[in-house]
Amino acid sequence: HFRRLDDRLVVCILRADGVYTAEIRTRAGCIATSSLTIVVAPPPPRVTLIDSSRACPDSCVILHITVDGGRRPFTYIWMPAVGLSSITDSTPVACTDSTTTYVVLVDDALGRADSARVTVRIDTVPHLSLEEAGDTLVAHPDGLVYHWYKNDILLPGVSSRRLVATDSGMYRVEARTSAGCPVTAA
């Protein structure tokens, strides 16, 4: 896009990288040319989290971010380093025993930076217990989805916290937390 300001000055707005050549002609017909390589800077990098992360105790999660804008290559620094597979990967694996907030700093090739935070929440696993009352087994606490097993075989369609045992055998129940963490009792 060119715009003439007067007889001596022309303004050019460049929107893409490339080699640009200017040609100047005098009234006497003399021509002078000059070329220049222009690198148009993209907008600064913007780091966005893909989602917050929930994890079960003794498990790991992959931390996901996206970077819009900026000029590649990007460098990544994650803090704190505790529990991370790498502090310089774009998607490190976090293995932590407690809820931890990680910060990622992303620099682009032009030295511009952005950061974001992600919190890995470790789901609390309740103590699961069984109460026996005659031929009825009751799992505690209430509010979870239960799967009952007899002799290590899943009893299909039985998902309440109460089970009436119709015959002898080894019964156990498995429940899952909101993050999908298994909790068992025998």
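Side-chain atoms are counted along with the backbone in the values below, which use heavy atoms only and exclude waters and symmetry mates.
Heavy atoms from other residues, nucleotides or ligands lying under 6.0 Å from CG of Asp135 number more than 12. In this structure, Glu23 places its CD atom where more than 12 heavy-atom neighbours from other residues, nucleotides or ligands lie under 6.0 Å away.
Of all the heavy atoms in Leu130 and Val173, the pair that sits closest is CD2-CG1, 3.6 Å. In terms of heavy-atom proximity, Cys60 sits nearest to Val93 at CB-CG1, 3.6 Å.
Criterion: ILVMFWY side-chain heavy atoms under 4.5 Å apart, direct or through other members. Under it, Leu63 and Val103 are not part of a common hydrophobic cluster. Hydrophobic clustering places Leu49 together with Tyr76 (ILVMFWY residues linked when any side-chain heavy atoms are closer than 4.5 Å, directly or through intermediates). Follow the hydrophobic side-chain contacts under 4.5 Å out from Tyr171 and you never reach Val138; the two are in separate clusters.
Sorted by first then second residue, the side chain to side chain donor-acceptor pair (under 3.5 Å) pairs that include residues 33-43, not counting sequence neighbours, are Thr21-Ser35.
In this structure, the side-chain contact (heavy atoms from CB on, under 4.5 Å) partners of Val145, at least two apart in sequence or on a different chain, are His147. Judged as a side-chain contact (heavy atoms from CB on, under 4.5 Å), and not counting sequence neighbours, the contacts of Ala113 are Leu105, Asp107. For Asp17, the side-chain contact (heavy atoms from CB on, under 4.5 Å) test picks out Val39, Val40, Arg71, with sequence neighbours left out. For Thr124, the side-chain contact (heavy atoms from CB on, under 4.5 Å) test picks out no residue, with sequence neighbours left out.
Leu154 belongs to a hydrophobic cluster whose other members, connected by ILVMFWY side-chain contacts under 4.5 Å either directly or through intermediates, are Tyr149.
You'll find the side chain of Val183 reaches within 4.5 Å of the side chain of Pro126, heavy atoms only. Annotation: side chain of Ile77 is in contact with side chain of Thr88 (closest heavy-atom distance under 4.5 Å).
Interatomic distance, Ser90 OG to Ile62 CD1, rounded to the nearest 0.5 Å: 10.5 Å. Separation of atoms CZ (Arg117) and OG1 (Thr101) is listed at 7.0 Å; rounding is to 0.5 Å.
Under a 3.5 Å cut-off, the side chain of Thr119 and the backbone N or O of Arg121 do not form any donor-acceptor pair. Looking only at distances, a side-chain donor or acceptor of Asp108 sits under 3.5 Å from a matching main-chain atom of Leu110.
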